[in-house]
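One structure is given here, and the rest of the page talks about it.
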Amino acid sequence: MNITFRSGKSEDAQTCGAICYQAFNAIANQHNFPPDFPDRETAVGLLSQLLARDDIYSVVAESNSRIVGSNFLWENNLIAGVGPITVDPTVQNSSIGRQLMENVLRRARDRRFVGIRLLQSAYHNRSLSLYTKLGFDAQEPLSNIQGPVIREQIPGHAVRQATTGDIAACNKLCTRVHGHDRGPELLEAIKQSTATVVEHGGRITGYATMIGFFGHAVGENNEDLKALIAAATEFAGPGFIVPTRNSQLLRWCLDKGLRVNQPMTLMTIGLYNQPAVVFLPSIIY
Ligand SMILES: CC(C)(COP(=O)(O)OP(=O)(O)OC[C@H]1O[C@@H](n2cnc3c(N)ncnc32)[C@H](O)[C@@H]1OP(=O)(O)O)[C@@H](O)C(=O)NCCC(=O)NCCS
C-alpha cells in the first residue's frame, strides 16, 4: 500500500473524526470495553477543535487520496503529548500507525521537546507493542473512572474557581509534583472557566484544569485531590484518570460509587520525573 502523509486541515475533521470513532469503537467492542467516544459526532467535534488549533500539530495518512488515519502532537507545553492516533480499521496492522507515530516523534525531536508522553489503552496489545518498539517506556498504570458526581466538602479544604492570579502558585505546585509546570493548559482552562483550586491552611494546595478526560490535577496530598474531585459538577467525557498505584485515592473513589471504565498506561520518552506528590493525568499526559 502506498501511503502519503500531509498536515491536517479543518476540512479533514469529518473523515478523520469518523475514522477516530470507528477505530476506538472497533477495538473497544473486540475487548468488551465501553467506547472512548459515544458517537461519531463527538469524535468529529474533538478532531475539528484539534485541527483548528495552531499549538497542535496534525498529520493525516492517505492511500490513493483517501484518508486512512491521523495523529496529533500537542505542542502547548514543555512536554509534547501524542494522540489521538487512529487508523481506519480496514487497513490496520499494515504499518500506517507506525508511520503516523514516527512522523510526530520526528516533529517532537526537531522541535527539541525534552519529553514526549501519551496514554495507552492498556487492553490494546498492538498499541502497547508499537509504542514500546518506538522507544516509549511504561511509567504508570492508570484507571479511567466515571460515575455520579460526589458533591461533598472535604473538611478544611475549600474549593473555588481558579483565576489568573492563582497561576504562579499552581505552576509552583505542578513543578513540585512533575518537575515542570503546565501553565499554558492551566491558563486555557481558566479562560474556559473549568479550572478550580483547593485551599488549605490559607494557601493553594491543589488545582485541576478540569475533572475529566482532558483535565489534569495536582495536589500536595490525597485530601486535596479528593476535595477537587468531590466539588466537580461533572466528570467530563469518559471520566477522569487516577494513577492505579494511588490505592488510597482509587479506593475512596470506588467507595463513593465510581466505577472503573478501562485501564491505561502512561508512557514516556525523555524527561520523566516520578511525581513527588499526588496527581491526575489528562488523556494526553
Ligand atoms: C493503535 C493503531 C493506531 C496502530 O496502528 P496500525 O496501523 O494498526 O499498527 P502498525 O501496523 O503500524 O503497527 C503495529 C505494530 O505492533 C506489532 N504488533 C501488533 N500486535 C502485536 C502483539 N500482540 N505483540 C507484539 N507486537 C504486535 C506489529 O507487528 C507492528 O510492529 P512493527 O511496526 O514493528 O511491524 C491502530 O491499531 C488503531 O487505530 N487502533 C484503534 C485506536 C487506538 O487504539 N488508538 C491508540 C490508543 S492508545
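Numbering of ligands and ligand atoms starts at 1, following listing order.
Between R98 and ligand 1, an N or O atom pair is found at a separation short of 3.5 Å. Between S129 and ligand 1, a contact under 3.5 Å exists for at least one N or O pair. Not one N or O of F24 is nearer than 3.5 Å to an N or O of ligand 1, by distance alone. Not one N or O of V91 is nearer than 3.5 Å to an N or O of ligand 1, by distance alone. Taking any N or O of Q99, backbone or side chain, none lies under 3.5 Å from an N or O belonging to ligand 1.
How far CZ of F279 is from CG of L266: 6.0 Å, rounded to the nearest 0.5 Å.
Atom numbering of ligand 1 starts at 1 in the shown order; those under 4.0 Å from a heavy atom of A23 are 39 (O), 41 (C). Every atom of ligand 1 is numbered from 1 in the order shown, and the set under 4.0 Å from a heavy atom of S121 is 48 (S). Taking a cut-off of under 4.0 Å to the non-hydrogen atoms of Q120, the atoms of ligand 1 that pass are 48 (S). Those atoms of ligand 1 that come under 4.0 Å of a heavy atom in Y131, given as number and element, are 46 (C), 47 (C), 48 (S). Atoms of ligand 1 found under 4.0 Å from any heavy atom of S95 (numbered from 1 in listed order, with element): 10 (P), 11 (O), 12 (O). The contact set between ligand 1 and G97, taken as ligand atoms under 4.0 Å from a residue heavy atom, comprises 5 (O), 6 (P), 7 (O), 12 (O). Listed by atom number, the atoms of ligand 1 under 4.0 Å from N125 heavy atoms are 23 (N). Distances below 4.0 Å separate heavy atoms of L130 from the following atoms of ligand 1: 13 (O).
The protein heavy atom nearest to atom 9 (O) of ligand 1 is R126 CD, 3.8 Å. When only non-hydrogen protein atoms are considered, atom 44 (O) of ligand 1 lies nearest to H124 ND1, 3.0 Å. Among protein heavy atoms, the minimum distance from atom 6 (P) of ligand 1 is reached at N93 N, 3.5 Å. For atom 31 (O) of ligand 1, the nearest non-hydrogen atom of the protein is K133 NZ, 3.1 Å. Counting only heavy atoms of the protein, atom 3 (C) of ligand 1 lies nearest to I85 CG1, 3.7 Å. Here the heavy atom of the protein found nearest to atom 39 (O) of ligand 1 is V87 N, 2.9 Å. Looking at atom 38 (C) of ligand 1, its nearest protein heavy atom turns out to be Q92 NE2, 3.4 Å.
The closest donor-acceptor contact from the side chain of N77 to the backbone of I79 lies at 3.5 Å or more, if one exists at all. When atom types are taken as modelled, the side chain of D224 and the backbone of N221 share a donor-acceptor pair closer than 3.5 angstrom. Side chain of W252 to main chain of E223: no donor-acceptor pair is present (N/O by atom type, distance under 3.5 Å, no hydrogens or angles). Counting only distance, with no hydrogens or angles, the side chain of S94 and the backbone of V91 share a donor-acceptor pair below 3.5 Å. Between the S282 side chain and the I284 main chain, a donor and an acceptor come within less than 3.5 Å of each other.
For atom 46 (C) of ligand 1, a protein non-hydrogen atom is found at a distance below 4.0 Å.
At a cut-off of 3.5 Å, with distance as the only test, no side-chain donor of T15 or D12 sits close to an acceptor on the other residue. Looking only at atom types and distance, the side chain of N246 has a donor-acceptor partner in the side chain of N222 under 3.5 Å away. Using modelled atom types, one finds no donor on one side chain facing an acceptor on the other under 3.5 Å when comparing E185 with T209.
Using cut-offs of 30° and 60° for the angle between ring planes, the Y285 and H180 rings count as tilted. Ring pair H31/H124 is tilted by interplanar angle, where 30° to 60° counts as tilted.
Under a 4.0 angstrom heavy-atom cut-off, L119 registers as being in contact with ligand 1.
Within the cation-pi definition used here (under 6.0 Å to the ring centroid, within 45° of the axis), R111 does not qualify as a partner of Y57.
Taking 4.5 Å as the limit, every side-chain heavy atom of H216 sits out of range of all side-chain heavy atoms of M210.
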Open item on the list: Run the salt bridge (charged side-chain N to carboxylate O under 4.0 Å, His left out) test on E75 and R107 for me, step by step, so that the C-alpha distance in whole Å, both residues' side-chain angles and the decisive distance to 0.1 Å come before the verdict.
Closed with: CA-CA 10 Å; E75 302 183 325; R107 165 91 178 185; 2.6 Å; yes
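At a 4.0 Å heavy-atom cut-off, ligand 1 touches S94 through the backbone alone.
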